[in-house]
Amino acid sequence: MSQDGAHGRYAGRAIANNRYQLRDLLGEGGMASVHLAHDTVLDRPVAIKTLHTELGREQAFRERFRREAQAVAKLTHTNIVSVFDTGEDTLDGTTMPYIVMEYVEGRPLGSVLDEDVRQYGAMPADKALKITADVLAALEISHEMGLVHRDIKPGNVMMTKRGVVKVMDFGIARAMQSGVTSMTQTGMVVGTPQYLSPEQALGRGVDARSDLYSVGIMLFQLVTGRLPFDADSPLAIAYAHVQEEPVAASSINRSLPPAVDALIARALKKNPNERFPSADSMRDECLRVAASFQAAAPSIVPGAQTSSGAGVGSAVFPPVDQATPAPAGPVQTPYQPAPNPYGTPTPPPSPAYGYPQQGGYQAPTPAPNAYASTPPPYNITPQHAPASGGGGGRGNRPVILGSIIVSVVAVGGLIAALTLNGGGTDDDAKGGGSASTSSTPSGYRTGDAGRTVETTECTEPRESYNDPDKVEMPDFQFKNWDSVLKCLQAAGWKYTDKDYPENTYGQGTVMNQFPTAGTDFDPKEPPDMEFGVSTGLPAS
């Protein structure tokens, strides 16, 4: 039975002992198909995602997929598509894992963008920022529970008829990463190339900041009508994510203010430590920027390109949908901005871009020719090969990028890798010095005591997806050291800490950890752990 059309033939069939009756096929992607279905027990419409046949062949995948779906079912938020049930059934002699989800009456964000591109040339910036803020609100909830989405893109964001944003497909990429042995060989990456973070493209471990990079790609796409990195091969796109700097969005859409350029630039930093520290902080900045400028219709520059072409041959990057290209000149359809949904307008942003204003953060003085001070260097330590899945439209279906990507990118990207890994040696970390007890030293900054970690993260760590006898190292980075200390002591784990001179995140913030988050270890023989804790003082 071929994959194409196989799931479309399931319409009219029933699964789960006839509880769910499959009806119209709503859409298909590289991993799954989605049907409108009727829940005969609760008498309500639901959406059922049926994974393609090859994904259900391995028992290990089906078990991990079930466990991941259970974790996702705990996510409750206005901007997250609810998961009601999961299981597997046999149709036409093949095992078919499925997920029962909330049925959202609406359309994918990609469809909304296509309409705005036809009408205005791109999505109006205030609308794009509000949608992005809602996506980030959903991600903040998932990140707090330790779930990294890994495949944020317009195809995984729904817009209801009332304009409510709904993010879907949490957890599927995680199950893909750990469950299908044929797809998780060393160096392999499963994902949508146009939205991969550099660390995903290199086959390295990912955390919440990888999602923020994908959100930055999506925001660029919304406000310009095209992608920052695109080419005719997945390898070329992955190379661009690692090697190329994106153009300013305002070079394509002249109506964008500098604050939007700065926001996107920070989200798309190659070094994860230079991005926003959390989805919540990026969301705050989206709302601040949206409230700080006068909304205007997009003004698309004719013939603007999104790449210098370095590292990707002579590829010319087209708009996202060639069937509906951006207008050649300024659009004629007037845009009427919606009333400001964020309350009282805030003053215009300062010329220099700063860190989001939230509890515990103070705006540092920006470095020359930079949007913000550079946080500590990114420690590029190889980890388990991450993965990312989900559906997609023309030109951005999920693909499997083999170890050839790592090899080819490594040749051309060695300099970039060394740059990302530069600095931050043990010797450097010891040069901080303690704060004076008589007065506040120049440049001293306190950390955010509210960024805590629950003790259960240590006493009940997450079970490994690779070995049922092991658990995963919790993510302590950017958390308050006092709360991390209580967590470690509750579990009886051994640790050492050292001063880390920096004043961006503030005194008492964990800046790095070893082993890194997500590392598998035997809970009966936990490793000795090391932490770099901010002194709140700038490096001398």
Look up atom [atom1] in [X] and atom [atom2] in [Y], then write down how far apart they are to the nearest 0.5 Å.
X: T459; Y: E454; atom1: OG1; atom2: CD; value: 10.0 Å
X: D475; Y: Q513; atom1: CG; atom2: CD; value: 5.5 Å
X: T455; Y: L485; atom1: OG1; atom2: CG; value: 12.5 Å

So, [X] and [Y]: side-chain donor and acceptor under 3.5 Å apart, yes or no?
X: S534; Y: T509; result: no
X: T535; Y: D499; result: no
X: Y195; Y: Q221; result: yes

Kindly indicate, with the supporting measurements, whether the criterion side chain to side chain contact (heavy atoms under 4.5 Å, CB included) is fulfilled by M473 and T516. CA-CA 7 Å; M473 180 63 62; T516 54; over 6 Å; no
K130 and D134 ion-paired at < 4.0 Å: yes
Identified salt bridge (Lys or Arg N to Asp or Glu O under 4.0 Å) counterpart of E199 within the set R275, R209, K269: R275
Does a sphere of radius 6.0 Å around CD in E144 hold more than 12 heavy atoms from other residues, nucleotides or ligands, not counting ones at 6.0 Å or beyond? yes
Output field: ring centroids W493/F521 closer than 6.0 Å: yes
May I ask you to decide if the ring planes of F229 and H241 are parallel, tilted or perpendicular, using 30° and 60° as cut-offs? perpendicular
Tell me if a side-chain donor or acceptor on D261 pairs with a main-chain N or O of A248 at a distance below 3.5 Å. no
Identify the heavy atoms of V510 and F476 that sit nearest to each other, and give their distance. CB-O, 3.4 Å
